[in-house]
Amino acid sequence: MKNCDEFDRSLILDGNAAAGDLMEIFGREMTEEPVECSNCGCVQFVGSLMAFAGGPGLVLRCPSCQAVLFCSASLPSIACLDVRWISTSQSDGATCPKSRPTVKQ
Amino acid sequence: MLEAIPWQLATISAIRQETPTVKTFRFELPNLVRHRAGQHYDVRLRAPDGYVAQRSYSVASAPEGDGALELTIELVTDGEVSGHLHANAVVGDRIELRGPIGGYFVWETAKGGPLLLVGGGSGVVPLMSMLRHRRSVGSEISARLLYSARSADDLIFRDELDAMALGSPEFAVTYTLTRRQPWNWPGHRRRIDPPMLSEVAHMLGPHPLTYVCGPTPMVEAAANGLVQIGFRPGSIRTERFGPTGS
C-alpha cells in the first residue's frame, strides 16, 4: 500500500472538504456518517477521512492506516465510483485506538 | 448524478475589504437556506469556452443573519476563483453558489461546550461564524479562540473579536503573529505549539469541543499538539485548506 509519506502532505484535506461532491453522489449529507475502514477496522466519520481532491477525481483514505476507502471520477456521461468503506450504525465515530486526527509528520 | 443541493445564481450585494488580501462578499440568494455555523458553500465560475472552476468557501456570517449570506475569501496566489472574485467582481454581479454544505465541521449551541477554536489565516472564517452564532443567541458557553496569522495586518475580524471578548467574560481570544510583529505587540510571536495550546485550553477543562481550521501544515501541527497535551483525538475536528494560506 502506498504510504502517506510519499505524498505532498500539504495537499491533504479533510473529508468535509468533499462534502458537496459526496452529497451529489449519495444524495444526502455524508460527512457525519461513521464508516468502518475495510483494512484496519477503525471507525471514522467521513468528514475526518484524509481527502485528496487535486487530481482528476476524489480519493478518501483512512487517517489511521491510509488505506483507500473511496474513489470517484466523473466524465460528462459517466461517473466511476470505488467505495471500500463499510457502513456502520456506530454513532460515536473514531473508535479505533490507533485513530488520530492527523498522521505523523 | 443527484442534485441534492441545487446551484443558485446569487447576486453580490456588498463587498468589504477585511485585510489587504481578504474580502467579504455578501450575497443575496433566491432561496437562502439557513446554514449551521461552520458550513461552507461551493462557488462555481464558468468561462465563455465552457471551462469551469469550483472552490469551497466557509460561511462567515451567523445563521441568525438578516437574509443574506457572507463568504469571507482570501486571495490565493494563482487562485482561479479567489483571483477572479478579488480582481473583477463588483456589486450586482451574479455568481453560481450551492450550499450550505457539510455537517462534520459544525458547531451550534445545542452541541454544548466548552469550545476551543484554533484558526490559522483565513481558517478563522468558519470559527467566526460559530462565534457570531454564540453571540447572536446570547450563549454563555465558555469559548476560547487561538488565532494565528502572519502579521497584524493579516488578522481578519480583529476589531470584532476584541469587542466580542470585551462583551463576554466567557470568551477570550489569543493572537499569535508568525512572521512580522509590531514592536509593542503583546501577543505571541511564534507558530502554534503545545505550550501555547495548553495556555489557551487550560481554563476550559479537560474535554472541550475543539475545532481547528487553516492551512494543512498548521492544522496538523495544532492537532498533533493538542494530542500531545492530552486531548482525545476524537474530540478534535479539523478542516484543512491545503497548501495555501499563512
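Below, chains carry the letters A, B, ... as their sequence lines are ordered, and counting in each starts from 1.
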Quick test of your reading: applying salt bridge (charged side-chain N to carboxylate O under 4.0 Å, His left out), list the pairs with at least one residue in residues 75-84 of chain A, sequence neighbours left out, ordered by first then second residue. A/D82-A/R84

Any salt bridge linking B/R98 with A/E24? Criterion: basic side-chain nitrogen under 4.0 Å from a carboxylate oxygen. yes

Atom of A/I12, atom of B/T216 and distance for their closest heavy-atom approach: O-OG1, 2.8 Å

Exceeds 12 heavy-atom contacts within 6.0 angstrom, atom CZ of B/R190: yes

Chain A contact via B/Q54 - side chain, backbone, both or neither, heavy atoms under 4.5 Å: side chain

Going from CD on B/E239 to CG on A/D14, what distance comes out if it is rounded to the nearest 0.5 angstrom? 7.0 Å

Measuring heavy-atom distances to chain A, does B/R237 have an atom under 4.5 Å in its side chain, in its backbone, in both, or in neither? side chain

Contact list (residues 99-109 of chain B to chain A, heavy-atom gap under 4.5 Å, by number) returns B/I101, B/G102, B/G103, B/Y104, B/F105

Hey, what do you get for OG (B/S56) to CG (A/D21), rounding to the nearest 0.5 Å? 7.5 Å

Residue list, side-chain contact (heavy atoms from CB on, under 4.5 Å) with B/E70, at least two apart or on another chain: B/R16, B/T24, B/R26, B/S61, B/R132

B/E80: which residues meet the side-chain contact (heavy atoms from CB on, under 4.5 Å) condition with it, sequence neighbours left out? B/Y51, B/A53, B/R55

